[in-house]
Amino acid sequence: MRLLLIHADYIEFTALEPAMPNPERIESQGKKERVEECLVAFTTVEKSDEESPEEVAKNAASTILEHAASVKATRVVLYPYAHLSSSLSRPESAMEVLKKTEDALRGTVEAVRAPFGWYKSFEIKCKGHPLSELSRTITAAAREKAAEAAEEAAPRSEFLVLTPEGEEFRIDFASPETFLSLKVEPPLIQLIKNEAGMKEERGAPAHVKLMKKLELVDYEPASDIGHFRFYPKGTLIKDSLEELAYDIAVRDLRAFKIETPFLYRLDEPDIADQAEKFREKDYRLTVEKREFCLRFAGDFGLFRMMKGATMSYRQLPIRVYELSPSFRLEQSGECVGLKRLRNFTMPDLHCFCADLEQGRKEYAELFSKYTRLTQSMEIEYAVAFRVVKYFYEEHRDWFVSLLKMVGKPALIELLPEMKHYWVLKHEYQAIDSVGGNTQLVTVQLDIEDAARYGIEYTDESGKRRGCIILHSSLGSIERWMGAILEQAAKDQAKGKPPMLPVWLSPIQVRVIPVNSTFVGFAKDLAEKVAAEGFRADVDDREESVSKKIREAEVDWIPFVLVVGEREALSQPPSLSVRIRGEGVKSTDFPGLIASLRARVGDRPCLPSYLPIMLSMKPRFA
RNA sequence: GCCUUAGUGGCUCAGCCCGGCAGAGCGACGGUUUCGUAAACCGUUGGUCGGGGGUUCAAAUCCCCCCUAAGGCUCCA
């Protein structure tokens with residue numbers, strides 16, 4: 001038997017005239033019947049069902065009921081529909097099976113059966129959620145067999161944990177004891193638990209509130225879901241992260257920086273091909289009768305640019321960097337704070353290599369750079385590799401050498417066969433304050449796309465050959481922001497004062513004059529700090545010192561200086577600085593600058609986006 | 001997209017169950033205070049109760065539809 005199940009807002013049908021000599025006798029000819037909020041089962045009884053109608057009916061009913069329960073439908077419409085199979089049973093058998101199925105449904109749900117043997121008109125409104133349309137084949141044999149067959153068709157991945165020492169531990173998601181007892185760091189265990197589907201009810205990740213409270217980022221109701229506004233402080237953090245990505249990609253890795261359009265024509269075959277992979281996840285728009293989509297990654301324009309490039313083996317590997325604002329039409333229920341957005345910024349780095357050997361060398365290079373990047377973000381993370389099994393087995397030692405760089409064990413997923421365009425990828429996953437994980441950095445080793453998109457170089461013998469491509473992202477800028485806020489929330493839960501890394505703090509130094517007499521002195525000091533390249537402001541408001549200190553703490557400002565008569569007159573000059581998490585210390589100006597410099601390290605430090613006098617700053621949130 | 005929960009001055013929230021004058025704290029504004037390491041004091045201002053429809057003499061409160069957010073499901077090339 002064939003079933004087509006549709007979860008519908010309603011179905012209306014009218015039996016018009018007999019479709020065969022002996023149709024089912026009915027009284028409702030010509031009368032419209034309407035059923036609301038139901039699961040419609042279009043049903044075709046096949047020749048092979050004639051042998052055991054009881055079994056087929058029973059199995060069909062249980063499949064339908066199972067699905068009705070999962071979509072929470074309490075009404076089922078059994079609709080005879082001959083067009084799902086070419087091997088139809090005799091009408092009498094079909095009637096029998098349908099009636100038996102209907103009987104088996106009764107009691108659990110409200111069952112309606114459309115008349116058999118009539119030409120019918122019908123109108124249906126399908127709900128359109130992922131489970132709303134589904135087809136099933138029912139046989140007399142136990143239904144489990146069909147399920148097993150389906151599983152065999154999509155063989156499962158195997159999982160293991162690999163340590164930097166080269167030890168392997170097989171793990172089985174179905175038996176938690178195989179990984180819960182492993183002596184590895186908590187973030188990795190948490191990642192494995194999440195992948196194994198061991199999810200407890202968790203609250204909202206902390207960054208959703210923090211991003212508003214700290215006046216960084218907020219929802220913009222006048223835009224679409226998942227498009228955010230960035231206040232000056234949030235913009236400063238975003239720009240700083242982008243600057244770091246630029247430093248790594250362009251200054252460090254000497255990548256060529258490019259820019260490509262956001263909008264692409266869908267009548268270009270290669271664009272349509274890439275869009276096709278993403279199906280319903282792209283934004284489409286029609287302009288002057290031409291259909292376009294917004295890019296979901298930088299690949300669209302990059303691949304076209306590289307297709308037109310003439311490359312010699314002597315120039316490879318070639319690295320290309322683009323900071324790509326990207327658009328993905330994620331399901332509305334899936335957008336969460338800074339973790340999953342419809343508009344986000346991806347620092348994409350692609351490397352075009354001559355062969356697999358060079359590809360692996362590049363991979364290791366990126367792996368090393370990105371490991372340092374992740375470590376400098378001061379967050380907890382876990383490492384996961386996804387790799388086609390044969391590739392892992394051939395290059396096992398190489399994987400161990402990668403893990404030595406990061407100094408952590410990793411989760412390895414072994415895919416039985418090439419399922420995607422890559423043979424290998426890895427991810428750095430941050431663990432948030434409620435135990436969820438967020439993918440940050442990723443590098444993918446792609447051995448297929450070059451051929452598909454015609455990205456070629458000329459080898460020593462003058463032959464044109466396809467490149468090996470490394471796709472990598474330094475991690476969406478917004479996700480990094482989220483992960484950094486999550487880390488702060490985790491620190492707070494452990495009793496530490498929450499803070500941002502100093503290089504990302506929108507205001508790094510606040511100077512608080514004890515009264516209005518010292519505002520000028522405070523301003524001079526703040527300007528001196530700014531001249532050294534750090535972000536400082538003065539709380540010149542008419543408030544008590546205690547209150548200003550409290551607000552500086554609530555704003556997570558890492559360095560707070562209170563200045564008054566003591567500082568203004570001290571000889572030699574001295575300062576009293578309140579360092580977040582460390583209490584009040586006595587120092588002098590060079591000492592203050594040295595502390596700042598030590599904390600910022602070699603990371604970018606942009607100028608402040610806020611007025612130097614706090615009284616001049618409006619409140620955004 | 002589905003299910004659940006939530007939406008009340010700029011912010012955090014009370015009021016909703018059981019319909020009867022829309023409340024508090026913070027902020028902002030005005031004034032007093034000139035202050036030394038986590039909230040000085042007094043006053044003023046500010047609300048289409050997310051939007052629309054319905055029931056009712058009367059709706060923030062009850063009913064229906066929609067929007068937005070969070071959790072779960074599904075999804076995550």
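Here is how names work: the chains are called A, B, and so on, in the same order as the sequence lines, proteins then strands, and each is numbered from 1. No experiment lies behind these values; they were computed from the predicted model shown.
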Check: Closest to the A:R619 side chain: B:U37, B:A38, B:A28?
Finding: B:A28
Next item on the list: Indicate yes or no: at least one non-hydrogen side-chain atom of A:K490 is less than 4.5 angstrom from one of A:I431.
Entry: yes
Check: Between B:G31 atom P and A:E543 atom CD, what is the distance in whole Å?
Finding: 14 Å
Next item on the list: Please tell me which of the listed nucleotides, B:A69, B:G1, B:A28, lies nearest to the side chain of A:I225?
Entry: B:A69
Notebook entry, point to check: Does any nucleotide pair with B:G20 by Watson-Crick or G-U wobble geometry, both distances under 3.5 Å, and what is it?
Noted result: B:C57
Next item on the list: In whole angstrom, give the distance that lies between atom OH of A:Y421 and atom C1' of B:C76.
Entry: 12 Å
Item checked: A:T260 versus A:R295, side-chain donor and acceptor atoms under 3.5 Å -> yes
Next item on the list: Let me know the distance between CZ of A:R202 and P of B:C73, rounded to the nearest Å.
Entry: 9 Å
Note to self: Nearest to the side chain of A:E542, heavy atoms from C-beta on, is which of B:C35, B:A70, B:A38?
What the structure shows: B:C35
Check: For RNA chain B, whose closest nucleotide is more 5', that of A:S516 or that of A:L561?
Finding: A:S516
Checklist line | Closest to side chain of A:R550, choosing from B:G36, B:A38, B:A77 | finding: B:A38
Check: Can you tell me how far C1' of B:A40 sits from CD1 of A:I549, to the nearest Å?
Finding: 14 Å
Note to self: From NZ of A:K585 over to C1' of B:G36, roughly how many Å is that when rounded to an integer?
What the structure shows: 19 Å
Notebook entry, point to check: Just checking, is any N or O donor in the side chain of A:Y609 or A:T235 under 3.5 Å from an acceptor N or O on the other one?
Noted result: no
Check: Are A:T442 and A:E427 close enough that a side-chain donor and a side-chain acceptor fall under 3.5 Å?
Finding: no
Margin query: Nearest to the side chain of A:R340, heavy atoms from C-beta on, is which of B:A70, B:C75, B:G72?
Written below: B:C75
Checklist line | Shortest side-chain distance from A:P205, nucleotide among B:A70, B:G36, B:A38 | finding: B:A70
Checklist line | Whole angstrom value for the distance that separates P of B:G27 from NZ of A:K212 | finding: 20 Å
Margin query: Taking only side-chain N and O atoms of A:K547, does any of them lie within less than 4.0 angstrom of OP1 or OP2 on B:G36?
Written below: no
Notebook entry, point to check: Under 4.0 Å between a side-chain N/O of A:R578 and OP1 or OP2 of B:A38, yes or no?
Noted result: yes
Next item on the list: Check the distance between B:A40's P and A:K548's NZ and give it to me in whole angstrom.
Entry: 11 Å
Item checked: d(CE, A:M211; C1', B:A70) in whole Å -> 11 Å
Checklist line | Side chain of A:V545 - closest among B:A38, B:G36, B:A77 | finding: B:G36
Next item on the list: Nearest-nucleotide wise, let me know which of A:S544 and A:F620 is further upstream toward the 5' end of RNA chain B.
Entry: A:F620
Margin query: Among B:C75, B:G71, B:A38, which nucleotide has an atom closest to any side-chain atom of A:R580?
Written below: B:A38
Notebook entry, point to check: When the aromatic ring centroids of A:Y283 and A:H227 are compared, is their separation below 6.0 Å?
Noted result: yes
Note to self: Regarding B:G36, can its base be found pairing with the side chain of A:E567 as donor and acceptor, where the two atoms are less than 3.5 Å apart?
What the structure shows: yes
